[in-house]
Amino acid sequence: MAKPDLILLVLDESQTLQLLDRALRSANYSTAIVHDKAGLDRALQEFSPAMIVLGEKLADAGGIPLAEDLLERFPTLPILLFAERDSLQLVKEALRVGVIGYVYPPLKIGDIVGVIQSSLKRAHRTGDWVRREVKRTTASLEKRVSELETMVKLGRNIIGSLDLDSVLSNVVSAAVELTGAEAGMLLMLDDSGEQLYLQAGHNLPKDVLNSFHLSVSDSIVGEVVRESKRIVLNEASPREIAKGYAVRSLICVPLRLQDRPVGALCVDNRQQQQPFSDHNALLVSVLADYAAIAMENARLYQLSETERVKFEAAFSSMENGMVVLDGKQNILLVNQAACAIFHLDSDKMQGKPVLDVITHPDLHNLLTRTSDEALKYHEINFDDGRVFNAQYNPIPGFGSAITMQDITYLKELDRLKNDFVHTVSHDLRSPLTAVMGYTELLERSEPLTDTQHEFVRRIQSSVGNITTLVNDLLDLGRIEAGYDTLRETVQLEAVLRYTLDTFEPQIADKEINLHVETSPTLPSVRGNPIRLRQMLDNLIGNAVKYTPPNGDIWIAMRVEDQQIIVQIKDTGPGIPTADQPFIFDKFFRGSNVPQGTPGSGLGLAIVKSIVESHQGRIWIDSGVDPDHGSTFVVVLPTYSPDHDTKPSQPPSPAK
Ligand code: ADP
């Protein structure tokens, strides 16, 4: 049996109270009586009354403020005000604070009980309604929370999984679950862009799973993709969306990748007659965005993975050793070749400071040097004879990379070439020196006829030519092979003076007018003084050789933009325009060189090699009339003497 409703009577002691109490009990209510606010508070701690009958005036409080206070704490508690008299003012107050009823004398107990009964009924009905509403709202909130939870779970799944198939399958399942649909599918455009094939499905019939595909041009799903718009169908009778696949309701939204539709996400009901709401459609759209994010992630991952595999293949198969460092010189990457060079295990090197892992002193020198130039190329020599050319390349904002190239065989070639050069120069020059010596002895031993004198002179001239040719060839070989590595601070103006001293007798013989324009305060260049002397000797030697008697030679040296510009101009026959492109080729001689002019065509080739090995440039000034003398221009970079405190002495002639 249901418990009787408890009516709390908060009234002064009176006969009416006793009568009311009895009447309520006999009407099957249980009652409790308190006379003041303190009693009311105690009672409310002990039990929950279904209703309160509250006196207008109590010993320790007024009825209206007390009702107001009570309704603040228990808003649904029905309170009936028991007034001492009928008063409009009191009614207004009572209604303002929210009491449900108002009784006043003269009172009949039966009437009061009647009011209480009807008020309680109303209160019950209100309570039921409130409970129902709360339940409904709670259910709706729970549904939203569950939707959000599904979304969050799916979001995590997308972020955490690289398995696109499983993520897309989860997206379709979530769409079905959240919309309460019967089935769902995710369709993708094929490569031709004309057909949609099933990428993932949920609750689809088996026969559909195997053969489902749609034409983009004439299907509802195709329309969604074509026009990139959402479609919601709520049909009275089933409608076929694909052959043998009819739906009663459908939501289909486009799937966009980089703003381009690539497929569609659909949910449908084939059996149940349950229309989809706008909210359902919104959920499916959000899920389609999720699917697009997952596909984009997969695409980017695939891309980076392909690049990583390519890079790894290239990096590990590189013949040269390579070590990539971060800004603090910790090892980030190291390839197999580098591991083999230092006999190290790549697994144990990652993240460690390179100088701790690779203890080779030459590598330490490379990494602890500060000058940029010094950092660039460096040899690493091993006790077993291997030699590597190490190159240090800073990578701005990232760190640096060291590449190491095995030059052991080049070093061996170098040694062989040096031996060869040594042998050849000795073996070629010795007999020439002997021939020269014997021709001199010949002249001294017997008085020679004029013809014999002429023969001896010709032999000496030929031997001189061969010696020059041998020396030129050997020099060119050395310079071109890059063996000419000596570098000092050189004052070009001083070198010029030595060259001019050498050619002074010839200049005087031919009565050539020499004009020199230079300054002893020209900045230095960084180079090999012997080669720079050879360069000036060849250029000025040519000018003297090709300029006719009484001609002019101008030599100028000046500085411009941290470069020294040397200009050598003469009034010789000039260089025909057609010959100019070949003038620096080996053994090339100009078409206008008169028969019998000594020379081998190697001088300018040597000059060009020397200039280039000093990071300079050389050209013929074609602005000058080719038939009226030649002008050669050489440009060399200047060098700040702060870097080298020992300038070299001008060298002796190279030839
Ligand atoms: P060569 O031994 O013939 O002088 P070079 O290599 O020094 O060889 O010069 C190549 C050619 O360039 C010469 O044969 C000549 O035709 C031309 N040449 C070089 N310098 C001059 C110059 N000052 N005047 C005219 N022709 C020159």
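Start at 1 and go down the list; that is how both ligands and their atoms are numbered.
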### Verdict with supporting geometry, Arg558 and Glu560, salt bridge (charged side-chain N to carboxylate O under 4.0 Å, His left out)
CA-CA 7 Å; Arg558 62 190 160 85; Glu560 207 177 287; 2.4 Å; yes

Point to revise | No-hydrogen, no-angle side-chain donor-acceptor test under 3.5 Å, Thr502 and Arg497 | key: no

Pair Phe382 + Phe342: ring centers closer than 6.0 Å: yes

Quiz item: Is it true that Lys411 and Glu379 make a salt bridge, defined as a side-chain N closer than 4.0 Å to a carboxylate O?
Solution: yes

If you look at each N/O of ligand 1, which protein N/O atoms lie under 3.5 Å away, and at what distance?
unit_1, atom_1, unit_2, atom_2, d
ligand 1, 2 (O), Ser600, N, 3.1
ligand 1, 2 (O), Gly601, N, 3.2
ligand 1, 3 (O), Tyr546, OH, 3.2
ligand 1, 3 (O), Arg589, NE, 2.7
ligand 1, 3 (O), Arg589, NH2, 3.1
ligand 1, 4 (O), Asn542, OD1, 3.3
ligand 1, 4 (O), Lys545, NZ, 3.0
ligand 1, 4 (O), Tyr546, OH, 2.9
ligand 1, 6 (O), Gly603, N, 3.2
ligand 1, 6 (O), Leu604, N, 2.8
ligand 1, 7 (O), Asn542, OD1, 3.4
ligand 1, 7 (O), Asn542, ND2, 2.8
ligand 1, 7 (O), Leu604, N, 3.4
ligand 1, 8 (O), Gly601, N, 3.4
ligand 1, 14 (O), Tyr546, OH, 3.3
ligand 1, 14 (O), Gly590, N, 3.2
ligand 1, 16 (O), Gly590, N, 2.7
ligand 1, 20 (N), Asn542, ND2, 3.3
ligand 1, 23 (N), Asp570, OD2, 2.8
ligand 1, 24 (N), Ser630, OG, 3.0

message: Taking the six-membered ring of Phe455 as reference, does the cationic atom of Arg458 (NZ for Lys, CZ for Arg) lie under 6.0 Å from its centre and within 45° of its axis?
response: no

**Message:** Using 30° and 60° as the class boundaries, would you call the ring planes of Trp554 and His515 parallel, tilted or perpendicular?
**Reply:** parallel

